[in-house]
Q: 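Provided herewith is a single structure, encoded as structure tokens, for subsequent inquiry.
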Amino acid sequence: MALSNNVIGAINFVAMLLSIPIIGAGIWLANQPDNSCVKILQWPVIVLGVLILVVALAGFIGGFWRIPWLLIAYLVGMLILIILLACLVVFVYMVTMRGSGHLEPSRAYLEYHLEDFSGWLQRRVRSSFKWERIKICLSSTDICTQLNQTYTMAIDFFNSHLTPIESGCCKPPTECGYTFVNPTNWISPINNIADPDCIQWSNDQTQLCYNCNSCKAGLLANIKQEWRKADIILLITLIALICVYLVGCCAFRNAKTEDIFRKYKQECITGKLKLILIKEGTQFIVIRVPLAGLKLGNITLNIFFIFSCTLSLFYANPFPVIRYYSIRFIRPQRKDIPIILDLTDMAANSTIVGVINFITLLLSIPVIGAGIWLANEPDNACVKILQWPLIILGTSIAVVALLGFVGGCWRITWLLIFYLFAMFILILVFACLVVLIYLITNQGSGHPAPGRIYLEHDLDDFSGWLRRKVTNPYKWDRIRSCLNSTDMCSELNQRYRIAQDFFNARLTSIQYGCCMPPAECGYSYINPTYWLTPNNTAASMDCLQWSNDQMQLCFHCDSCKAGLLANLTKEWRSEIQNWGYIPKTPQTKYMKVLLHV
């Protein structure tokens, strides 16, 4: 009992230490100029870290001073806090998924648009009342004034890597055409109606572009970067807390087990029956004294008593619950041979069940990771077909495996039965998903283009199920707007200046399909997103759809839809290759354990 309680105390001390990174992440956010003005995430993180510290301290005291109600309060409280921390980690990830910057010509820094960010974040800055308070806070910092000390030449400023908030709040948008004097002083052009933010700009050092949407977008981009860093710390701490909590549950169970069996320590003598017990592996040899006249039924009547003696005398780590041992009597043929009482080590089996379910819990991480990876790919983020089913499936596997782990460690039969059925269903769903991905990505191989090393794709080459995802005008208009907001085409202009380099480049299928006209159209190269129209463009409908407008390009072309599907099939196929095969479930072992129970 003392050993188990000391283990619980040590585990809770580790949990106390794990609260420090959470509190530290909240304090770090509170000290960032942008987060200190917005005040959204830092206080929930700090409060959650302090609660984890208090609950872990209660468990630490309950473990060393053997206070059962404190240990129970720790188990319940820490479970609730772990769930809250997991929800916070997922929430932060979800609201920071969107909002990448855009390249501007002849600029090293990025610019940001408010519409690119999640609706939840936009609502934090759209309210005039909220923004007025944030604006006053931002203008009181030296975020913009320090730029005047750092950059005195225009070329140095344009080649600098500004933070998102500096890019959005301290200068006018590039498209406005203002002339540089210093980082916070610009000469207005004759026509500045390209964007509403152009009118909002002021050389007043207390105003600048703090009223611009670009400033709000820059603030959200800064927040996104800092929240992502904090989210990584919270995720690592969450995984460590889950491991510590599960070990603490097992240690608490062992402590309760020792209490149970201390009540049954007694001398192995009952009536006229005296037993000499010898342990051999998982078997107990019961030597009868006297041998004559002793029948199997007499021993059966004293089974509970025999358990009390054997468990107290021969096991350093007692089993938790007596009734969970299966019993097998081997009746000897001769009276001078001892009766063998076979006790199946249910504790070992339950531990195996817990370990297997913990491994299953770990195996859910690649499934969730695959969904998150797809969600971060520009094409999949715009189409939104496979990533959410993968994330939901992986999360379901993790939850069911966690329930199986708890059922195995605590020997809760109904949880194990639920685990078997639920995991069987999830494996079937997983298998169907793998087969579906294989079938719908089995078509769509590209064909070589004249004078190019890359392959071009035709929309008709892909499966009908995939084509229906992009041929619907409403769906494609949404996808096209999303693709337009990325920098997958504009970045090509920075990389490739010479036609030969571009034609020999290994670009993605979606870049070949959306950012340039098809090779058969015969357009003449100027730069990757600007081409001279030939005399005859009637080779295909896509040739007529091409536009040098950087917001149009070939996003209306079937070649763009085909390039998108080619990218999707490549990424989805890579997921199948990473999985390798449909994993087998160790249900046979679980069934054997349940039969013993």
Side-chain angles (χ1 to χ4, degrees), residues 32-38 96-118 121-122 124-126 131 134-189 192 194-229 484-491 493-494 550:
Q32 299 301 308
D34 47 355
N35 272 282
S36 64
C37 291
V38 180
T96 58
M97 281 181 63
R98 297 168 53 192
S100 57
H102 301 270
L103 285 171
E104 295 293 336
S106 304
R107 302 291 188 270
Y109 49 76
L110 300 177
E111 295 193 348
Y112 301 84
H113 298 154
L114 187 58
E115 299 78 19
D116 295 341
F117 294 88
S118 67
L121 278 179
Q122 288 184 43
R124 303 308 106 188
V125 296
R126 281 194 183 277
W131 181 249
I134 296 170
K135 183 182 70 170
I136 293 172
C137 178
L138 289 176
S139 61
S140 65
T141 66
D142 60 349
I143 293 175
C144 295
T145 55
Q146 65 180 359
L147 295 178
N148 293 329
Q149 310 296 325
T150 307
Y151 307 105
T152 55
M153 302 291 293
I155 191 65
D156 295 335
F157 182 75
F158 295 152
N159 290 329
S160 64
H161 293 280
L162 304 180
T163 65
I165 198 169
E166 289 173 337
S167 173
C169 301
C170 304
K171 64 171 191 60
T174 302
E175 63 180 347
C176 297
Y178 278 74
T179 303
F180 178 90
V181 176
N182 66 41
T184 60
N185 196 321
W186 300 70
I187 298 174
S188 176
N192 61 355
D195 188 280
D197 285 354
C198 302
I199 302 173
Q200 295 288 352
W201 169 260
S202 170
N203 284 323
D204 183 347
Q205 298 300 294
T206 62
Q207 296 295 324
L208 299 179
C209 213
Y210 289 122
N211 289 316
C212 305
N213 283 333
S214 63
C215 183
K216 299 175 182 178
L219 173 66
L220 295 185
N222 245 41
I223 288 175
K224 173 189 170 181
Q225 292 178 1
E226 292 163 1
W227 284 17
R228 277 294 179 93
K229 294 175 182 177
N484 261 329
S485 66
T486 66
D487 59 352
M488 65 178 184
C489 293
S490 58
E491 68 178 2
N493 294 328
Q494 309 295 326
Q550 299 301 294

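Please read these numbers as outputs of a predicted model, since none were measured by experiment.
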Q: Any salt bridge (charged side-chain N to carboxylate O under 4.0 Å, His left out) pairs touching residues 157-174, not counting sequence neighbours?
A: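 Those involving residues 157-174 are Glu111-Lys171.
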Q: Once you round to the nearest 0.5 Å, how far does SG of Cys169 lie from CD of Gln207?
A: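 Between Cys169 SG and Gln207 CD, I get 12.5 Å after rounding to 0.5 Å.
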Q: Only counting residues at least two apart or in another chain, list the ones meeting side-chain contact (heavy atoms from CB on, under 4.5 Å) with Thr145.
A: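 Result, side-chain contact (heavy atoms from CB on, under 4.5 Å) vs Thr145: Asp142.
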Q: Of all heavy-atom pairs between Trp201 and Cys212, which one has the smallest distance, and what is that distance?
A: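 Distance-wise, the nearest heavy atoms are N-SG, 4.3 Å.
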Q: Enter the distance from Ser167:OG to Ile165:CD1 here, rounded to the nearest 0.5 Å.
A: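 CD1 of Ile165 is found 10.5 Å from OG of Ser167.
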Q: Going by the rule side-chain hydrogen bond (donor to acceptor under 3.5 Å, both in side chains), which residues pair with Asn148 if we only count those two or more places apart in sequence or in a different chain?
A: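 Listed in chain order: Thr184.
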Q: Rounded to the nearest 0.5 Å, what separates atom CD in Gln32 from atom NZ in Lys229?
A: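 Output value for this atom pair is 8.0 Å.
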Q: Quick check against the 3.5 Å criterion: does Asp197 have a side-chain atom that pairs as donor or acceptor with the backbone of Pro172?
A: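 Between the backbone of Pro172 and the side chain of Asp197 there is no qualifying donor-acceptor contact (under 3.5 Å).
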Q: Decide yes or no for Ile134 and Tyr210: does some side-chain heavy atom of the first lie under 4.5 Å from some side-chain heavy atom of the second?
A: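 No, their side chains stay 4.5 Å or more apart.
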Q: Quick one: CG on Asn185 to CG on Asp204, what's the gap to the nearest 0.5 Å?
A: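 The CG atom of Asn185 sits 10.5 Å away from the CG atom of Asp204.
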Q: Would you say the SG of Cys176 sits under 2.5 Å from the SG of Cys198?
A: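 Looking at Cys198 and Cys176, their sulfur gamma atoms lie closer than 2.5 Å, so the answer is yes.
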Q: Ignoring hydrogens and angles, tell me if any N or O in the side chain of Ser139 forms a donor-acceptor pair with the backbone of Thr206 under 3.5 Å.
A: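 Side chain of Ser139 to backbone of Thr206: no pair is present.
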Q: Return the minimal non-hydrogen interatomic distance between Gly101 and Tyr112, and the atom names on each side.
A: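 Distance-wise, the nearest heavy atoms are CA-CE2, 3.4 Å.
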Q: What heavy-atom pair brings Val125 and Trp131 nearest, and what distance separates the two atoms?
A: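 Where Val125 meets Trp131 most closely, the heavy atoms are O-CB, 3.5 Å.
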Q: Taking only residues two or more places apart in sequence, or in another chain, which ones meet Lys135 in a salt bridge (Lys or Arg N to Asp or Glu O under 4.0 Å)?
A: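 Expected list: Glu132.
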Q: Tabulate below the donor-acceptor pairs under 3.5 Å that side-chain atoms of residues 213-226 make, not counting sequence neighbours, or state none.
A:
unit_1: Ser214; atom_1: OG; unit_2: Gly168; atom_2: O; d: 3.0
unit_1: Asn222; atom_1: ND2; unit_2: Asp34; atom_2: OD2; d: 3.1
unit_1: Glu226; atom_1: OE1; unit_2: Asn35; atom_2: ND2; d: 2.4

Q: Which value, rounded to the nearest 0.5 Å, describes the distance between Thr96 atom OG1 and Phe117 atom CZ?
A: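 Nearest 0.5 Å value for the OG1-CZ distance: 10.5 Å.
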Q: With the side chain counted from C-beta on, respond yes when Tyr151 and Leu162 share a heavy-atom pair under 4.5 Å apart, and no when they do not.
A: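 Tyr151 vs Leu162: side chains touch.
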Q: Look up atom OG1 in Thr163 and atom CG in Leu110, then write down how far apart they are to the nearest 0.5 Å.
A: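 These two atoms lie 11.0 Å from each other.
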Q: Run the side-chain contact (heavy atoms from CB on, under 4.5 Å) test against Arg107 and tell me which residues pass, sequence neighbours left out.
A: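 side-chain contact (heavy atoms from CB on, under 4.5 Å) check on Arg107 returns Glu104, Tyr109, Phe158, Thr174.
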Q: Apply disulfide (SG to SG under 2.5 Å) to residues Cys209 and Cys170 and explain how you reach the verdict.
A: CA-CA 6 Å; Cys209 213; Cys170 304; over 6 Å; no
